[in-house]
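Shown next, in structure tokens, is the structure this report addresses.
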Amino acid sequence: MALCSFKLLKNCRFSYLRARTIMTSTINLKKVEEELENNPYFSKYHEKIEKLRKEQPAEYYARVKAKEKQKNSEKKKQIKYPEPKDVNPKGSSVKKFLGDILKLDMVENKSADEIKNIWMDYHKGKDVLFSTYNKEQFDKLNQNYTKYPTFVFPLPRGDGYEFFLFQYTDSELHFTPLVQFKKHGENAPECLAVTYFSELKEKDIILMRGEYDKDIVSPLDCQFLINLTQMFYNGESTKRLDLIEEFNNKPEDFKYPEIISEVERLGFHKVN
């Protein structure tokens, strides 16, 4: 990871917030939803659940997250962060190319919709995050990622928040627990790496794939982090970009609670 230095790396934990759904899918989320559908009472409340999913995605996410938390409560254990020496030195330092995953000659004559379906079908059942973007969506994100390559995002942990350091480099998003970065600096092992593949950009489609350390973050945690990243970097809010700009260019003026306030304003509420 690229080396960053901050004056404000304090122990920061804030109230638990909910996350909205994002344009990302994982088999793990599907499993939770399938378990819900198999519940004998599901059919009775199906319409209400579907309405909640469409009209209040933040609330829906929170309830799915709560179900996952309840399911894992008995086997809950303290997170053990890996030491740098325990991490494969090749890891995320190896540049990933779409040709390593997809046979490009097989999609040469395919449309963007066909490629999207192939990408989605290929990743079903795999413990990765995946999505697709059109050129306009990606260019907006990439412009701001490149201009402001570093930020911090909060992730719900118990009744508080843990901050994660975000860094962007060469079409890749890297997330590291802030406590780990404070301890190990540039050698801190990442827990989530997301790659945007733009090899098919002329077809107006960019493919996304995310890999994560399941001992540190869950698939829903990853969705939460990527969701926040997109909402802050998509350029739709001057307030959010101002926070990012301040963090990158005026770190001495940056205040962590302002991130929480903005996230709450977006519709993420406290969960008891």
Side-chain angles (χ1 to χ4, degrees), residues 1-10 12 22-24 84 87 91-98 129 131 133 135-155 161-199 201 206-213 216-217 221-256 258-260 262-263 266:
M1 295 180 65
L3 177 62
C4 297
S5 60
F6 305 104
K7 299 179 180 179
L8 300 175
L9 301 186
K10 302 176 181 178
C12 297
I22 63 173
M23 192 180 153
T24 307
V87 180
S92 61
S93 64
V94 178
K95 174 65 178 176
K96 298 178 179 66
F97 296 97
L98 184 58
L129 295 97
S131 187
Y133 302 79
K135 182 179 180 297
E136 181 181 3
Q137 291 171 329
F138 173 73
D139 285 345
K140 286 181 179 179
L141 289 169
N142 188 56
Q143 179 181 359
N144 289 320
Y145 287 152
T146 303
K147 188 175 182 179
Y148 305 115
T150 308
F151 198 53
V152 287
F153 290 104
L155 176 70
Y161 256 114
E162 178 180 7
F163 275 92
F164 281 68
L165 175 66
F166 158 80
Q167 292 182 279
Y168 178 75
T169 177
D170 198 16
S171 297
E172 294 181 349
L173 313 181
H174 299 274
F175 296 84
T176 304
L178 192 53
V179 66
Q180 285 292 88
F181 179 79
K182 291 171 64 177
K183 182 178 181 180
H184 301 294
E186 63 179 337
N187 296 315
E190 64 186 14
C191 63
L192 169 63
V194 176
T195 302
Y196 293 101
F197 298 103
S198 58
E199 287 92 329
K201 194 173 183 179
I206 286 80
L207 306 176
M208 183 275 273
R209 174 186 171 109
E211 300 178 352
Y212 59 95
D213 183 342
I216 306 300
V217 287
D221 291 335
C222 295
Q223 286 183 300
F224 189 96
L225 288 171
I226 297 173
N227 180 63
L228 283 183
T229 304
Q230 292 182 169
M231 287 193 296
F232 272 73
Y233 276 87
N234 61 16
E236 295 179 4
S237 168
T238 301
K239 170 63 175 177
R240 282 168 247 161
L241 284 180
D242 284 346
L243 287 172
I244 295 171
E245 191 277 336
E246 189 174 69
F247 184 87
N248 281 265
N249 299 330
K250 301 177 182 178
E252 66 277 2
D253 296 332
F254 183 79
K255 297 178 178 62
Y256 284 87
E258 292 187 6
I259 307 176
I260 302 302
E262 179 61 15
V263 171
L266 287 169

Inset, instruction - Step through it carefully: locate the ring centre of F175, locate the ring centre of F164, and say whether they are under 6.0 Å apart. - result: no

Inset, instruction - Check step by step if ring-ring contact (aromatic ring centres under 6.0 Å, His included) holds for F151 and F247. - result: CA-CA 7 Å; F151 198 53; F247 184 87; 5.5 Å; yes

Inset, instruction - For the residue pair F224 and Y161, categorise the inter-ring angle as parallel (less than 30°), tilted (30 to 60°) or perpendicular (more than 60°). - result: tilted

Legend entry - Residue pair Y133, Y196: steps toward the ring-ring contact (aromatic ring centres under 6.0 Å, His included) verdict: CA-CA 9 Å; Y133 302 79; Y196 293 101; 5.5 Å; yes

Legend entry - Approximate separation, where rounding is to 0.5 Å, of E262 CD and L228 CG: 10.5 Å

Legend entry - Min side-chain heavy-atom separation Y145-F166 under 4.5 Å: yes

Inset, instruction - Kindly say whether the aromatic ring centers of F153 and F232 come within a distance under 6.0 Å. - result: yes

Legend entry - Non-neighbouring partners of K135 that pass salt bridge (Lys or Arg N to Asp or Glu O under 4.0 Å), sequence neighbours left out: D139

Legend entry - Within-4.5 Å side-chain heavy-atom neighbours: N248 and P149: yes

Inset, instruction - Side-chain contact test, heavy atoms from C-beta onward, threshold under 4.5 Å: evaluate it for F163 versus I259 and give yes or no. - result: yes

Legend entry - Residue list, side-chain contact (heavy atoms from CB on, under 4.5 Å) with D170, at least two apart or on another chain: K95

Inset, instruction - Pick out which of Q180, H174, Q167 makes a side chain to side chain donor-acceptor pair (under 3.5 Å) with E190. - result: H174

